[in-house]
Amino acid sequence: MKEPQLLSGNEAVALAARDAGVALGCGYPGTPSTEILEAFSRLGGKAQWCPNEKVALEVALGAAFADNAAAIVTMKHVGLNVAADPLFTAAYTGVSGALVVAVADDPGLASSQNEQDSRRYAVAAGLPMLEPSDSQEAYDLTLKALEISARWKLPVLLRLTTRVCHSKTILSRRISPQPPGPIGFRRDIPSRVMIPAYARLAHRKLRAKLHELENLAEGAGGGEGAPELPPLTSPGKLLDWREGEGALGIITSGISFHHACEAAPQASIMKLNLTYPLALGRIRDFAQTVGRAIVIEEGDPYLAEAIRAAGIAVEGKGEPYRFGELNVSRVRRILAGDNSPEPVLPRGKAPQLCQGCPHRAVFATLAKLECIVAGDIGCYTLGVLPPFEAMDSCVCMGASIGVGLGLRQVLPEEQAKKVVSVIGDSTLVHSGITGLVEMAYNPPPTGHVVIVLDNATTAMTGLQEHPGTGRRLDHAPTRQLVIEEVARAIGLDEVHVIDPTDKPDDFAGLVRDSLAGGKLVLIIARRPCILAAPRIRQFQKPKPDKPE
Amino acid sequence: MPVTNQVTNVVIAGLGGQGVLKASDILAEAAFRAGLDVKKSEVHGMSQRGGSVASDVRFGAKVHSPMVSEGQADFLVVLEPTQVQPNAHVLKAGGVLIQPELIDPAALDNKRSLNVALLGALSARLEISPQHWQAALEANLPANARQANARAFELGRGAAAKLK
């Protein structure tokens, strides 16, 4: 069982969650986090896609309110924005079992709309954060996060990045699968009902917990006068101090650690696995023992700012290295203080909508009608590229509807009548339904037209299920959310369902009439994704295991 | 010929849907089975929609970064002629470029086996024994495609003599 395996970081998190007896995994698909829950499900864990990250975190939190129940919730960095509301107050309520919030950042924007740095959330919400650098650490630090969560009764953030999630490296399992203790509900009103009187106390309790964890991380090197705390017993360290040769000392975390080891093999290295709260006493000791202390980190200068704010003299990276991923050669440049323009590498071929993709007919129509298109997040964002160039905004999940309505509210009539919101089926369920409610509640003077690109899957992230497909994460059937029924119930004037590929002229005519009509219209352009269609046919067969 | 106590850097490149990631999975697994430290890294997401895809595989006694830096690749395996130019910068001086033209498409049972054929060519230049390659191929490819892929692998291995 403990022989080495070659696994991705995402698979490693799933394996650790399974070995630790995690009772429930929740999430919403998002590159680069998606494969964690899929792997957890394959390993036999109870895993489910939720409509969005906020709901996923709430479900996981509810599970972790039960004694001995451990839960994990997974999302990409922008998903944590959606889940931020419960996150901040979950820091106050804490948990009775354990809760790990796995969040995967995308430095360099391989497949995202921004490159925000989720480490800021640990500080803002006041939650411990662990950062693995490879698959072994993804496994070890998932166990560590569960241990910290169970011990201090706090949600713990596990911050991953693209190169940790999607790199395969060698790991060994450290524990045999653990059955959880007896799961049950115990009433604890002051801990979980966040009325102001209880929340004031809970805030103080949270800060006391963080202080204790900080003292533990400081160990012998800091936290003077702190009471003796029992050590953590799970594998992996909170920080790792490696003595090198020579004057250079590097303070780092996550994937940057491996780049630094290769760029400066002689350097002393302080590798921080717990990146909130920081063991600033240990960092101070390290900085004082080396001739030159420099922070190597991807994304925002989070560590450099926090360490300097504590009065510790360290160098940070130059501003050019805030952008994009680091690699060995960029770390060499940082160490050399080289902020000169970097070589521009040739760009590969841009992705495009597949040949036969049902979205193509929609964007061809929108381009022909010279629409002002409020777009959204999904494969269909590629409608912005040639030959269509039929998109005018893309902000966040669900924003197409609100942005389209805002434009309609203020633009002169001739322009307003050209505004269309375009949103995918999974995205509509995630964050678009409240936009439809706004449309019915505050209708623009010229009406509005929303086109749902319903391809019966969450295509962008690799063909995941969602409530509208009528199948769960493991493709087993469940109740189906019917988009046209939702739209009618909300009170829109017209709801149409049409196959845009099969009847392109009818589709173009419908859009043209809807733009001219001044009503509130929802057009569901329904045709399965060509990549998903064969799988969907298999799932819909009475005997799905029978080969074709 | 690279020696196995140094890190060997391989970049496999092509377009989405060509089997770049499958090829890098097979290579990484073969090196892993040979007892080496291995790291394999790539970026998913938008690349699935027919765009450029590249996967880095590094193996040796001890590997740190999972990414191959510019000018550090010992081998660049390219599945699509147009993808040579955008990836050529990764090759080190004297590094080996393995291109699709090495394989006669008519000699492949299935054109989709090009990735495996080019791995066969690469295998002739690496110190990983055939048993590990075979095990890695079997673990990563469907059983009904095994024979066609085994032939493609041997075809590529035989063609490696034509590499510079």
Side-chain angles (χ1 to χ4, degrees), chain A residues 4-6 8-9 30-32 34-35 76 106 108-112 133-135 162-170 255-263 265 325-332 343 345-355 357 379 381-382 459-463 531 547, chain B residues 7 9 13-17 20-21 24-33 35-59 62-72 78 80 82-90 136 139-140 144:
Chain A
Q5 308 178 60
L6 184 61
S8 71
T31 309
T34 311
E35 298 83 1
K76 67 185 297 174
D106 184 11
L109 301 114
S111 187
S112 301
S133 70
D134 58 22
S135 300
T162 301
R163 297 287 172 174
V164 176
C165 293
H166 285 168
S167 293
K168 284 191 178 178
T169 68
I170 297 171
I255 190 68
S256 306
F257 164 73
H258 294 289
H259 304 325
C261 284
E262 194 161 329
E325 292 188 290
L326 295 185
N327 56 31
V328 175
S329 54
R330 294 190 90 199
V331 169
R332 287 202 182 99
L345 298 177
R347 294 190 68 86
K349 180 170 176 274
Q352 57 182 355
L353 291 173
C354 300
Q355 294 305 320
C357 171
C379 290
T381 315
L382 294 169
M460 183 76 248
T461 49
L463 311 179
L531 300 178
Chain B
V7 172
N9 296 317
L15 296 176
V20 169
L21 304 188
S24 66
D25 275 337
I26 294 167
L27 169 59
E29 178 149 356
F32 171 62
R33 285 171 181 265
L36 300 171
D37 189 20
V38 187
K39 292 188 177 177
K40 168 190 130 94
S41 173
E42 69 254 342
V43 170
H44 299 193
M46 292 299 251
S47 55
Q48 290 178 357
R49 303 293 168 261
S52 295
V53 187
S55 181
D56 299 353
V57 183
R58 311 187 69 202
F59 48 90
K62 172 71 187 163
V63 180
H64 287 295
S65 172
M67 297 155 76
V68 176
S69 289
E70 306 100 84
Q72 293 302 312
V78 183
E80 155 69 40
T82 60
Q83 298 306 298
V84 173
Q85 187 270 335
N87 291 288
H89 63 93
V90 300
N140 284 282
N144 59 9

Quick one: which of [options] has the most heavy-atom pairs under 4.5 Å with chain B, could you say?
options                      : result
A/Lys168, A/Arg347, A/Glu325 : A/Lys168
A/Asp134, A/Thr169, A/Thr34  : A/Thr169
A/Ser167, A/Ser8, A/Ser135   : A/Ser167
A/Val328, A/Asp106, A/Ile170 : A/Ile170

Name the region of [X], side chain, backbone, both or neither, that has any atom closer than 4.5 Å to a heavy atom of chain B.
X        : answer
A/Leu109 : neither
A/Arg330 : neither
A/Gln355 : neither
A/Ile255 : side chain
A/Pro4   : both

Would you mind checking which part of B/Arg33 comes under 4.5 Å of any heavy atom in chain A, side chain (CB onward), backbone (N, CA, C, O), both or neither?
neither
Of the backbone (N, CA, C, O) and the side chain (C-beta and beyond), which part of B/Gln72 lies under 4.5 Å from a heavy atom of chain A, both, or neither?
neither
Does any part of the side chain of [Y], heavy atoms only, come nearer than 4.5 Å to the side chain of [X], both counted from C-beta?
X        : Y        : value
A/Arg163 : A/His258 : no
B/Glu70  : A/Asn327 : yes
A/Leu382 : A/Pro351 : yes

Mind checking what makes salt bridge (charged side-chain N to carboxylate O under 4.0 Å, His left out) contact with B/Lys40, not counting sequence neighbours?
B/Asp25, B/Glu42
Pairing residues for B/Glu80 by the salt bridge (charged side-chain N to carboxylate O under 4.0 Å, His left out) criterion, not counting sequence neighbours:
none
Any chance you could measure B/Ile26, atom CD1, to B/Leu21, atom CG, to the nearest 0.5 Å?
11.0 Å
Any luck finding a side-chain donor-acceptor pair between A/Lys349 and B/Thr82 under 3.5 Å?
no
Minimum heavy-atom distance A/Leu531-A/Cys354, with the two atoms named:
CD1-SG, 4.2 Å
